[in-house]
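Structure first, then comments.
Quantities reported herein were computed from a predicted structural model and do not represent experimental measurements. Worth knowing before you read on, the calculation uses all heavy atoms, side chains too, and leaves out hydrogens, waters and symmetry mates. Here is the naming used below: chain letters follow the sequence lines, and residue numbers restart at 1 for every chain.
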Protein chains: 2
Amino acid sequence: MAKKSKATIADVARLAGVSTATAGRVLGRYGYTREETREQVLHAARKLGYRTNALARGLITGKTRTIGVVAGDIQNPFYASILRGISDVVESRDFGLLIVNSDENLDKEIRAVNLLMEKQVDGLIVSPCDTRNSRHLRDLQAAGLPLVLLDRSVAGLEVDRVAIDNIAASERAVSALISAGHRRIGLVGEMMEYQEGGLDAFLQRGLAGEVLSTDTLYPSWQRLLGYLRAHRQAGLEIDASLVRRVGAYSAGAAQAVARELLDRSDRPSAVFATDGTMSEGVMGAISAADLSVPREVSLVCFDDLEWMSFLSPGISTMAQPRLSMGETAATMLLERIEGRQEPARAVMMRADFIQRGSIARIS
Amino acid sequence: MAKKSKATIADVARLAGVSTATAGRVLGRYGYTREETREQVLHAARKLGYRTNALARGLITGKTRTIGVVAGDIQNPFYASILRGISDVVESRDFGLLIVNSDENLDKEIRAVNLLMEKQVDGLIVSPCDTRNSRHLRDLQAAGLPLVLLDRSVAGLEVDRVAIDNIAASERAVSALISAGHRRIGLVGEMMEYQEGGLDAFLQRGLAGEVLSTDTLYPSWQRLLGYLRAHRQAGLEIDASLVRRVGAYSAGAAQAVARELLDRSDRPSAVFATDGTMSEGVMGAISAADLSVPREVSLVCFDDLEWMSFLSPGISTMAQPRLSMGETAATMLLERIEGRQEPARAVMMRADFIQRGSIARIS
DNA sequence: CTGAAAGCGCTTACAG
DNA sequence: CTGAAAGCGCTTACAG
């Protein structure tokens with residue numbers, strides 16, 4: 001069997017005594033062939049250890065059966081789970097999966113998209129790191145390449161996307177704290193994306209109910225909006241000094257910021273962390289400060305990470321359906337690849353609040 | 001700029017008034033061209049929004065600048081970090097990365113390797129799920145495709161690989177418990193791979209010092225060997241009933257097994273978990289049983305996961321250099337792809353024991 | 001330094 | 001049902 005140096009369709013055809021067209025038909029499973037010739041070809045192919053060259057096929061058909069994903073960081077559990085979801089549906093359809101990290105950096109994202117286009121992927125899933133700067137994504141559209149946006153959206157780009165309703169999810173999470181009696185709730189958020197006038201101006205506008213175009217906001221900014229909304233619903237004022245922007249997807253940076261919050265003499269009675277990485281940082285700060293949850297601080301996180309259920313008491317958190325988000329994105333993309341024509345859809349998935357023991361009742 | 005339907009080298013050549021060979025030379029950055037023609041070509045290319053078709057190039061050159069990785073589960077932090085390491089070096093060299101999960105299942109692994117071969121990757125990194133059954137990996141070798149094995153090795157397959165010294169690392173971790181006075185140490189290990197006669201026979205042989213061919217053993221079996229060796233070094237007997245085989249890479253299954261261990265009236269004073277997933281399971285069981293670490297049970301884990309430093313006290317663990325393992329594997333692979341000829345190397349990386357607060361002193 | 005021609009390994013009409 | 005021929009979009013000798 002399995003010979004050295006690759007056998008081509010021509011080799012197989014020669015050995016089987018048929019034309020390359022015929023050999024191609026049986027090996028590529030297209031067109032009709034007599035059962036008998038089919039077997040001759042298959043036999044020859046096996047003897048030569050023939051293996052399809054997907055490059056040649058792709059060049060001809062214009063389809064590679066490979067999709068590309070650009071994620072922020074495959075090491076981050078958020079993306080790791082999403083990628084697993086994508087991978088599951090993609091593998092079940094015999095597609096390949098080309099993955100590249102953007103590190104939430106626009107230049108890297110652009111290079112990633114270029115690389116993937118050169119490799120002729122049939123479609124792309126991207127978690128765009130910039131909601132405004134999107135020439136590279138528009139180019140994809142122009143080139144007719146299917147694209148699904150994950151987690152974030154891009155201003156004025158009408159393509160399929162999957163995400164959760166961040167504002168509502170966050171409002172729900174913060175409300176859990178408020179209804180337990182908390183009045184001073186710290187927020188530690190990544191909020192990397194630039195906002196006109198920075199955090200202060202944003203808060204201003206948010207409190208005045210002015211913030212428009214909320215759905216092209218970055219998730220963490222949206223979650224801040226949810227925080228504001230929960231307070232407004234409850235008729236509570238906000239202490240702007242409790243809202244802290246980390247400005248980076250880094251647990252270390254989040255820990256430093258959280259530490260400041262916890263070291264204050266007028267420490268908040270609870271902290272809300274707006275994503276998994278922030279949650280790690282906040283938890284690290286709480287541990288380092290040797291504070292007891294929920295006796296000394298209450299905590300609500302975002303994204304359900306393994307450790308949140310180990311700790312006792314467990315950590316209450318807003319769980320995004322990461323696996324299904326990935327599966328859904330991949331399914332939508334494959335439908336487009338198969339030619340489905342219909343207006344762009346925005347699938348908003350449901351996030352569930354998992355109530356564990358990290359919220360103290362305050363009277 | 002950026003036009004619809006893709007422009008080819010021929011289009012660019014026509015617009016620039018040169019031959020396709022010349023256009024190809026500048027666009028593909030090979031061969032010489034006059035500065036002036038170079039600019040004409042570049043200008044035309046920009047105007048047409050030309051983008052290389054890597055498929056065509058790969059078909060000709062026999063190189064795709066893409067490598068394939070088959071990992072157990074990209075969602076598992078162990079693999080996620082390794083993949084990040086691989087990805088970093090691969091991206092820095094402008095290679096693409098095709099990733100597929102094996103779920104530690106031989107059939108899936110074989111299909112994965114086939115898929116990657118058809119897509120004409122330049123080389124493969126695989127974490128083989130079966131140390132004995134390896135026809136598909138030998139085929140790679142026969143086809144002259146560079147291969148680097150990760151974490152595990154395969155009997156009789158002489159190829160590059162990177163791993164840690166599992167026996168030594170595990171011995172070190174267990175010794176930390178022994179020297180703190182522990183005499184009854186439970187072990188929760190995955191040990192999925194089949195061993196002649198099962199766990200009991202393996203223990204028998206291990207205790208008799210009989211186990212040979214240790215380096216084609218699965219990591220968790222090797223780590224069990226380290227556990228035995230630590231006991232032997234200390235002149236301690238082993239209670240075989242404290243050694244528990246989970247038989248699956250599943251935190252849930254590990255938790256059930258750990259629970260049994262912890263529910264015994266003659267509960268071990270400490271537990272050693274042989275990998276990250278087992279660690280999650282054991283920690284889950286400890287939490288569920290509401291036991292206090294290290295007062296009621298001491299714990300030593302394998303792999304340094306985020307939560308191990310959040311808990312207070314922190315969890316002592318043997319940390320594998322996952323990121324560098326990935327980087328090293330990718331670097332070795334790229335060297336082979338570039339034609340480096342030399343005997344297969346086995347790079348053994350150093351694992352560090354991180355001492356935190358989960359080990360109680362017993363007098 | 002540049003061009004004409006061949007070819008990588010497939011698939012796709014088009015005949016028969 | 002099968003074959004001869006063309007062609008996908010590049011790169012590679014080979015001339016000039």
Side-chain angles (χ1 to χ4, degrees), chain A residues 3-42 44-45 48-66 115 117-122 143-144, chain B residues 3-42 44-45 48-66 115 117-122 143-144:
Chain A
K3 279 286 176 56
K4 316 208 139 194
S5 62
K6 309 162 189 174
T8 68
I9 274 201
D11 298 327
V12 174
R14 202 173 309 122
L15 182 59
V18 298
S19 70
T20 62
T22 299
R25 280 190 268 260
V26 1
L27 265 13
R29 277 179 276 272
Y30 50 85
Y32 292 87
T33 35
R34 230 180 356 151
E35 181 57 25
E36 198 182 320
T37 44
R38 210 181 90 84
E39 288 185 349
Q40 285 171 64
V41 171
L42 253 22
L48 296 173
Y50 172 79
R51 196 169 255 130
T52 305
N53 182 328
L55 254 39
R57 175 181 290 171
L59 189 55
I60 282 280
T61 61
K63 254 85 195 62
T64 53
R65 294 189 78 80
T66 299
L115 181 78
M117 286 185 81
E118 290 190 353
K119 295 206 184 291
Q120 311 298 123
V121 294
D122 292 337
Chain B
K3 280 286 176 53
K4 316 207 141 198
S5 61
K6 308 162 188 175
T8 68
I9 275 203
D11 299 327
V12 174
R14 202 172 308 124
L15 182 61
V18 298
S19 70
T20 60
T22 299
R25 280 190 269 262
V26 1
L27 265 13
R29 275 179 277 275
Y30 51 85
Y32 293 88
T33 36
R34 231 183 352 157
E35 182 57 24
E36 200 181 319
T37 43
R38 212 182 87 83
E39 288 186 349
Q40 285 172 63
V41 171
L42 254 20
L48 297 175
Y50 173 78
R51 196 169 256 133
T52 303
N53 182 329
L55 253 38
R57 176 180 289 170
L59 190 54
I60 283 280
T61 61
K63 256 85 195 60
T64 52
R65 295 189 79 80
T66 300
L115 182 79
M117 287 186 81
E118 290 190 353
K119 297 207 182 291
Q120 312 298 120
V121 294
D122 292 338

Query raised in the report: Can you list, by residue number, the residues of residues 16-26 of chain B that have a non-hydrogen atom closer than 4.0 angstrom to DNA chain C?
Result: B:V18, B:S19, B:A21, B:T22, B:R25
Query raised in the report: How would you list all residue pairs meeting salt bridge (Lys or Arg N to Asp or Glu O under 4.0 Å) that involve residues 18-28 of chain A, not counting sequence neighbours?
Result: none
Query raised in the report: Passes side-chain contact (heavy atoms from CB on, under 4.5 Å), A:E118 versus B:R65? Steps please.
Result: CA-CA 11 Å; A:E118 290 190 353; B:R65 295 189 79 80; over 6 Å; no
Query - Identified side chain to side chain contact (heavy atoms under 4.5 Å, CB included) counterpart of B:I9 within the set B:L27, B:T52, B:N53 - result: B:L27
Query raised in the report: Is there a side-chain contact (heavy atoms from CB on, under 4.5 Å) between B:T22 and B:T33 once you walk through the steps?
Result: CA-CA 7 Å; B:T22 299; B:T33 36; 3.9 Å; yes
Query raised in the report: Can you name the nearest heavy-atom pair linking A:A56 to B:L59, along with the distance?
Result: CB-CD1, 3.9 Å
Query raised in the report: Please, what dot-bracket string fits DNA chain D when only Watson-Crick and G-U pairs with both distances under 3.5 Å count, crossing ones use [ ] and pairs to another strand use |?
Result: |||.||||||||.|||
Query raised in the report: For the side chain of A:K119 and the backbone of B:T64, is there at least one donor-acceptor N/O pair under 3.5 Å apart?
Result: yes
Report summary line: Applied to residues 49-63 of chain B, the salt bridge (Lys or Arg N to Asp or Glu O under 4.0 Å) test, sequence neighbours excluded, yields none
Report task. Give a yes or no on whether B:E35 atom CD has more than 12 heavy-atom contacts from other residues, nucleotides or ligands under 6.0 Å away. Result -> yes
Query raised in the report: Hey, what do you get for CG (A:L55) to OG1 (B:T61), rounding to the nearest 0.5 Å?
Result: 8.5 Å
Query raised in the report: Does B:V26 reach the side chain of B:L42, with side-chain heavy atoms less than 4.5 Å apart?
Result: yes
Report task. Mind listing the residues from residues 29-40 of chain A sitting with a heavy atom below 4.0 Å of DNA chain C? Number order is fine. Result -> A:Y30
Report summary line: Interatomic distance, OG1@B:T20 vs CZ@B:R14, rounded to 0.5 Å, equals 10.0 Å
Report task. To the nearest 0.5 angstrom, please state how far the CZ atom of A:R34 sits from the CD atom of A:E39. Result -> 11.0 Å
Query raised in the report: What is the 5' to 3' range of DNA chain D, first to last nucleotide, that sits under 4.0 Å from any heavy atom of chain B?
Result: D:dG9 to D:dA13
